[in-house]
Every structure is written in structure tokens, then in C-alpha cells.
Protein chains: 2
Amino acid sequence: MHRETTLEEVAERAGVSRQTVSNALNAPHKLHERTLGHVREVIAELGYRPDARARGLRTNTSSLIGYCLPSDDVAGSVNAVMDQYLHALSVAIERTGRHLLLFTRATHGSELEVYRELLAAHSVDGFLLSDIRTHDPRPQWLAERAVPFVSFGRTGDEQQRGPWVDVDGAAGADQAVRHLVHGGHTRIGFLGLPAGNRVGDDRARGWLRACAAAGLGDCERMLVHCADEHHDNGDSARRALALPESPTALVAANDALALGSYAACAERGLRIGEDIAVIGFDDSPTATKVHPALTSLRQPVEHIAQRLVARLDSAEPGGELYEPELVVRASSAP
Amino acid sequence: MHRETTLEEVAERAGVSRQTVSNALNAPHKLHERTLGHVREVIAELGYRPDARARGLRTNTSSLIGYCLPSDDVAGSVNAVMDQYLHALSVAIERTGRHLLLFTRATHGSELEVYRELLAAHSVDGFLLSDIRTHDPRPQWLAERAVPFVSFGRTGDEQQRGPWVDVDGAAGADQAVRHLVHGGHTRIGFLGLPAGNRVGDDRARGWLRACAAAGLGDCERMLVHCADEHHDNGDSARRALALPESPTALVAANDALALGSYAACAERGLRIGEDIAVIGFDDSPTATKVHPALTSLRQPVEHIAQRLVARLDSAEPGGELYEPELVVRASSAP
DNA sequence: GACCTTCATGTGAACGTTCAAACCGCCAAG
DNA sequence: CTTGGCGGTTTGAACGTTCACATGAAGGTC
């Protein structure tokens with residue numbers, strides 16, 4: 001790795017002082033137009049970029065935002081579209097001249113210890129929290145230390161600390177139910193995540209609310225919680241289909257559970273999109289690949305990423321909630 | 001963001017000099033056991049961590065490795081299992097005391113410009129390249145500048161610059177074919193990526209080789225290239241099934257194409273796992289969720305991540321090739 | 001006892017940048 | 001002719017660390 005150009009060298013070459021070059025970069029209005037133009041030329045000519053470490057040391061910043069990758073076994077609202085989400089996030093952060101620094105959950109010790117270490121080392125300026133759990137301690141902990149951060153998701157606490165952005169899962173499920181009711185369905189089941197999961201509970205709430213609003217009677221019996229989200233493979237759908245008042249439509253808390261119902265339906269000889277309707281959640285890439293294509297609720301991933309970054313910088317507490325969009329495909333046909 | 005502890009403060013508190021504390025961290029053998037123990041106590045007590053920027057400035061490092069996120073529309077061998085891969089990579093890098101810095105492809109200008117800027121700013125120590133394309137210019141460019149890097153994938157060039165690790169796609173497809181031949185199949189089609197795609201071509205090559213080795217005659221006619229990987233939705237499978245010598249088994253260049261064949265088969269009244277066998281590639285999370293579950297080739301993601309980091313640091317050119325593992329499920333039953 | 005060696009610790013400088021303050025020339029006001 | 005102010009530029013110091021070297025004590029050899 002060979003030596004790189006420094007600010008001093010640029011200054012010498014341009015026949016000005018260090019500080020003038022520094023100002024050309026950070027406070028161009030302070031320079032005479034003539035000088036500015038000349039300095040910029042030299043900068044371009046030498047391909048100069050200020051050393052991020054030196055600048056960070058002096059200004060006490062790092063231009064890095066920490067992002068904790070979810071372990072494979074954790075399931076949040078983003079997992080299915082993680083790559084899209086991460087890409088959108090990275091683009092949004094780069095627009096502000098910063099980058100994402102990835103890290104993972106510690107395998108031992110406190111979850112917060114990693115956050116502490118990154119802050120103590122000044123490796124990051126702040127954090128972007130995802131996969132927020134019920135009563136997640138991180139927002140509180142960070143807010144107490146006045147660390148800039150923003151949460152994607154809600155803790156469910158009355159007064160959530162710090163800014164947040166979330167997808168209105170209830171509104172999404174509500175949309176799905178209304179679509180089904182419009183299609184003539186009256187027995188609509190719900191495949192939920194294990195109780196206590198904020199995302200799952202939120203979506204279930206919307207389903208229940210919409211069913212009640214549509215006057216579908218006692219729907220609560222049609223709620224099935226999966227035992228293990230990752231190894232369900234249709235088990236919850238099987239239980240739902242075996243209910244006394246067999247549902248003619250299923251809304252699932254995510255696409256994986258919805259796909260599970262494909263197997264369960266096949267076993268009972270039910271044709272999806274004809275004998276029974278299925279609607280998923282998250283609009284994962286597979287939704288279009290399966291047969292019949294899966295109707296699902298698409299999260300406005302890019303917009304959320306933009307809003308997250310905006311709120312990270314504004315730092316005002318409080319949140320924003322965005323509705324997912326129902327993407328109708330063949331699986332919800334009848 | 002409040003003031004953090006500095007090395008100087010630790011030194012004062014421990015009653016030693018700066019350098020002694022520095023040595024306690026970087027060269028513990030230089031200290032008397034008694035002193036070392038004491039200094040470490042104070043460090044733990046104050047929760048001290050050396051400032052990453054100051055250290056980096058002095059040692060001319062950043063402890064950051066750049067990783068370019070693939071745009072959603074690019075399809076490499078990892079896309080389907082991107083989250084697993086990224087997590088494994090991050091864990092492996094963290095074991096060496098570094099972190100991943102994410103960035104994205106520039107929307108304008110040269111692809112390499114972003115790499116240049118990150119290097120000029122000393123934002124990263126090196127790069128981890130993924131989604132290597134045929135004749136990808138990056139290995140060459142980085143090697144010329146003596147920048148540490150490692151590639152996940154091959155450029156296909158005779159003498160690929162720098163270290164690399166890859167999955168032996170040909171061997172994987174070979175395994176799939178042998179499995180099918182063992183099951184009695186003689187007409188085995190291949191759903192390929194657009195010609196020119198290294199990953200796709202590699203996998204197709206293995207399929208062809210294995211068919212020839214099994215004496216299945218003129219197989220080449222049973223190769224179908226999809227036009228657009230992301231919007232294929234069964235088109236290539238439809239073409240394959242419409243071939244004069246209709247295949248009794250399909251091997252796909254990735255799981256998405258394999259899933260497409262589910263729709264195509266259903267349209268023809270073919271039951272997968274009974275009338276026709278299907279094998280995918282990458283073992284994406286959906287493989288277990290669809291019905292029937294998809295037989296697929298699993299990449300040794302974690303091992304690859306470990307080897308990538310190891311070769312990044314050893315910097316010896318040349319490569320390592322790992323075989324994927326055939327995970328047999330219901331779709332390849334007959 | 002003079003000298004060299006070894007080991008443990010301390011001191012000044014440097015990495016490349018930005019901050020705070022000083023400087024300089026110029027013009028307007030008194 | 002002095003004074004004050006202002007836009008534009010330069011200078012010294014500082015951010016927190018590690019490097020290279022200096023120092024000093026203890027021990028061994030002649």
C-alpha cells in the first residue's frame with residue numbers, strides 16, 4: 001500500500017497554506033473564487049482525498065454508522081428482504097458521506113457490550129438498530145448516553161426512546177383481510193409468529209381488527225401460532241386447515257409461513273388460488289417464483305431506509321409509520 | 001456523545017507512562033508481569049479502549065475491510081444466501097479484530113473510482129470482492145496497487161490476480177447428475193443462466209461433463225438458457241419441457257430457476273418428485289419451504305468465509321475450490 | 001571497580017487533519 | 001493621517017496513539 005497524497009502536498013503544489021486547502025473542502029465560501037478554483041484543480045489533479053482517520057481524530061467523528069447483522073436464527077420483519085434493505089440503507093447513508101460498519105452479536109456476554117466497545121473506540125458515530133424486540137434495551141441504553149441512533153421497529157414501550165421508523169403491520173394485515181372479504185371470504189385464518197414477537201403480534205392485531213370490522217364473528221379461534229418460525233414447514237398451516245370451521249383463506253405473518261401452507265393445502269387436495277386463498281407478508285423474492293405466485297404485502301424498503309437516515313440525523317424522538325402495499329397475485333384469486 | 005477515556009488517563013491512574021499502557025495492549029511480553037496485571041486492571045476498571053482513529057492514523061491502518069454490496073439486479077452465486085454469507089464473513093473478520101465497511105456500486109462513473117476513493121481516504125485496509133464477473137477488472141487493478149484483497153469467485157482469466165476462493169459449480173452439477181442417473185434418469189435437462197455468466201457456465205459445464213460420463217448421449221440439446229434471471233418465472237423450464245426428447249429431470253443453475261419449473265410442471269400436469277425430478281443450486285432458505293421440498297446444492301458458506309479471510313491475510317496468489325453438498329429432498333425423488 | 005549487557009520503563013516526535021487565533025492588506029469613516 | 005472593520009489567508013497547537021530512541025537499574029564478566 002503506497003503513500004497517499006496529503007493536504008500539505010496539495011497546499012504546496014497550489015502555492016497556498018494547509019488551512020486554505022482545508023477550507024476549500026470544508027468551507028468553500030471562505031475562499032476567494034479564484035483561489036478556490038485553483039485549489040480544486042490541484043485536488044482533482046492529484047486525486048487527493050482527506051485522510052478519514054486524521055479528520056475523524058480531529059473532529060471527533062468517524063463517519064461510520066454501526067449496523068448489527070441479525071444472526072440467521074433471529075427473524076425480524078426484514079430478514080426476507082435483508083439484501084434489499086441493507087442495500088437501500090447503504091445507499092442512503094452514503095448520500096450523507098458516511099458508510100455502514102457491520103458487526104454481529106457477541107456470542108458471549110452482554111449484547112450491549114459490543115455497542116460500548118465500538119463507542120469507546122470511536123469506531124462509529126452512531127447506530128442503526130434493526131430487529132427491534134419487545135422491550136429491547138438498546139434504545140434506552142443509547143439514549144441515556146446521548147448516542148445518535150434510530151430504530152427500525154418498535155419496542156412496544158409506551159414511551160419509546162429515540163427516533164424510530166416502522167412498517168404498520170396491522171394496517172398491512174388489515175388490507176389483506178379487506179381484499180379477501182371483497183373476494184367473498186368469510187372464514188379467514190391467520191398464521192402467526194410465536195406469541196410475544198412484536199412483528200407477529202402487530203400483524204395479527206390488524207387481521208383481528210379487520211375481521212371484526214367486517215363482521216366476520218368470532219375470528220380469534222382462527223389464529224394459529226407457529227412453534228418455530230424456521231422449521232415450521234407447513235405445520236401451522238396444517239393446524240389451521242384442521243380447524244372445525246375450516247378457513248377458505250389464510251393470511252400469514254410472513255412469506256415463509258405462507259409458503260408452508262402450499263404443502264399443507266396440497267396434502268388436503270386444496271388448490272391455492274381456487275379452493276383457498278393465501279396471502280403472505282414481506283413480498284420476498286420467492287413470492288413471484290412459486291406457483292401460484294403469492295399475493296403479499298410489500299414494505300416500502302427504500303423509503304424506509306431514507307427516512308431512517310433522515311431521522312438519525314434529526315435526532316428528534318418519536319416515530320413514523322408506513323403502510324405496506326398489497327401486491328395481488330394468483331394465490332388470492334378466488 | 002461524551003468524552004471517552006484516553007491512554008494518558010489510564011497511564012496516570014496506573015502510575016505508569018503512556019508507552020507502558022500502549023505496550024500492555026500491543027506487546028504485553030515487554031512488561032513485567034506485576035506491571036502488566038496492574039495496568040490491565042486499570043484498563044478494565046475504566047473500560048478503556050484505544051481510539052481506533054488515532055491508532056489507525058499512527059499505524060497507517062484502519063482495521064476495516066471494504067465490501068461492495070451487489071445491486072439487487074446483479075445475480076451472483078451468493079445472492080440467494082446473501083444474509084448467511086455476510087454474517088459468516090462479518091464473524092470471520094471480527095475474529096481478526098477488524099470490521100466490514102459496506103459500500104455500493106457508483107451509479108455514475110467508473111466502478112473502480114469508489115475503490116480508489118476509499119483507499120485514498122484510508123477508509124479501508126483492503127477489500128473483499130464478491131460477485132466476480134468474467135474478466136472482472138478489480139483483481140488486476142488492486143493487485144497492481146498492492147492493495148490487500150481476496151476474491152470470492154473466479155474471473156475465468158488464465159492467470160487470475162490475487163488470492164481467491166470459489167465454489168466448484170461444475171462439481172456440484174456433476175453430483176446432481178450422478179444422483180439423478182443413480183435414480184434411473186437418462187434425459188436430464190439443464191436450466192442455465194444467460195450464456196457468459198461465469199457461475200452459470202461453470203455449473204452447466206459440470207452437468208454436461210457428467211451426462212457425457214454417464215453415457216447419456218447428445219445432451220447439449222437439453223441446455224436451456226434463461227433470458228432474464230430475475231423475471232424468468234418458469235419460462236426456461238417451459239422451453240425445456242417442450243423439447244422433443246422431453247426431460248425426466250431438470251438441474252437448474254440456481255434455486256430461483258428451479259422454482260420456476262414448479263409452475264411449468266404444474267401446467268403440464270407433471271408432479272415434481274414423481275413424474276419429474278428437479279434439483280436446484282444454492283440451497284436458499286425457500287428450498288425447504290416449497291412443496292415438494294427442493295433438492296439443492298448447498299455451499300459451505302461459513303467455511304468459505306473463513307478461508308476468504310485467511311487468504312486475505314496470507315496474500316498468496318492462487319485459489320481454493322470447495323465442493324457444494326447435495327442436499328436431497330423430495331423434489332428429486334423418483 | 002570499570003565495563004558491558006539485558007530488561008523494564010519513560011520521553012519526544014510524528015501520523016494528517018481541523019480549530020482558534022493571528023495576521024495582512026484594503027477601504028471607509030472620523 | 002489615524003483608526004476600525006472586514007474578507008482572505010496563514011500559523012501554532014491539538015486530537016490520541018505508536019515509533020524510535022533515551023534512560024536507568026540490575027546483573028555478569030574481566
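Here is the naming used below: chain letters follow the sequence lines, and residue numbers restart at 1 for every chain.
Rounded to whole angstrom, the span from the CG atom of A:Asn60 across to the C1' atom of D:dT17 amounts to 14 Å. Put simply, CG on A:Leu7 is 14 Å from P on D:dT11, counting in whole angstrom units. In this entry the distance linking CG of A:Leu57 with C1' of C:dG16 reads 9 Å, nearest Å. In this entry the distance linking CZ of A:Arg53 with C1' of C:dC15 reads 8 Å, nearest Å. The separation between B:Arg55 atom CZ and C:dT17 atom P is 21 Å, rounded to whole Å. Regarding A:Gln19, its CD atom lies at a distance of 6 Å from the C1' atom of C:dT18, rounded to whole Å.
A donor-acceptor pair under 3.5 Å links the side-chain atoms of A:Asn197 to the main chain of A:Val199, judged by distance alone. At least one donor-acceptor pair under 3.5 Å links the side chain of B:Thr96 to the backbone N or O of B:Ile93.
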So which protein nitrogen or oxygen atoms get under 3.5 Å of nucleotides 25-27 of chain C's nitrogens or oxygens?
none

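Under the side chain to side chain contact (heavy atoms under 4.5 Å, CB included) criterion, A:Arg40 pairs with A:Pro28, A:Leu36, not counting sequence neighbours. Scanning for side chain to side chain contact (heavy atoms under 4.5 Å, CB included) contacts around B:Pro317 gives an empty result, with sequence neighbours left out. The side-chain hydrogen bond (donor to acceptor under 3.5 Å, both in side chains) check on B:Asp168 picks up nothing, with sequence neighbours excluded. Applying the ring pair (Phe, Tyr, Trp, His ring centres under 6.0 Å) rule to A:Tyr115 yields the partners A:Phe103, A:Phe127; only residues at least two apart in sequence or on another chain are considered. In this view, B:Arg198 and B:Thr134, B:Arg154, B:Asp202 satisfy the side chain to side chain contact (heavy atoms under 4.5 Å, CB included) rule, not counting sequence neighbours. In this view, B:Pro285 satisfies the side chain to side chain contact (heavy atoms under 4.5 Å, CB included) rule with no residue, not counting sequence neighbours.
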Verdict with reasoning, A:Leu101 to A:Tyr67, per side chain to side chain contact (heavy atoms under 4.5 Å, CB included): CA-CA 6 Å; A:Leu101 177 145; A:Tyr67 178 85; over 6 Å; no

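Residues of residues 20-49 of chain A having a heavy atom closer than 4.0 Å to DNA chain C, listed by number: A:Ser22, A:Asn26, A:Tyr48. Annotation: proximity of residues 96-103 of chain B to DNA chain D (heavy atom, distance under 4.0 Å) is found for no residue.
Sorted by first then second residue, the salt bridge (Lys or Arg N to Asp or Glu O under 4.0 Å) pairs that include residues 88-98 of chain B, not counting sequence neighbours, are B:Arg98-B:Asp313. Within the structure, every pair that satisfies the salt bridge (Lys or Arg N to Asp or Glu O under 4.0 Å) test and touches residues 13-35 of chain B, not counting sequence neighbours, is listed here: B:Arg13-B:Glu45.
A:Glu144 and A:Gln140 form a side-chain donor-acceptor contact under 3.5 Å, judged by distance and modelled atom types alone.
One can find a donor-acceptor pair under 3.5 Å joining the base of D:dG12 and the side-chain atoms of A:Arg18. In the interface, the side chain of B:Arg58 is not paired with the base of D:dT17 through any donor and acceptor atom under 3.5 Å apart.
Here CG of B:Leu308 is found 5.5 Å from CG of B:Leu128. Values are rounded to the nearest 0.5 Å.
End-to-end axis angle of the helix from C:dG1-D:dC30 to C:dG30-D:dC1, from C1' rotation axes over five pairs per end: 60° (rounded to 10 degrees).
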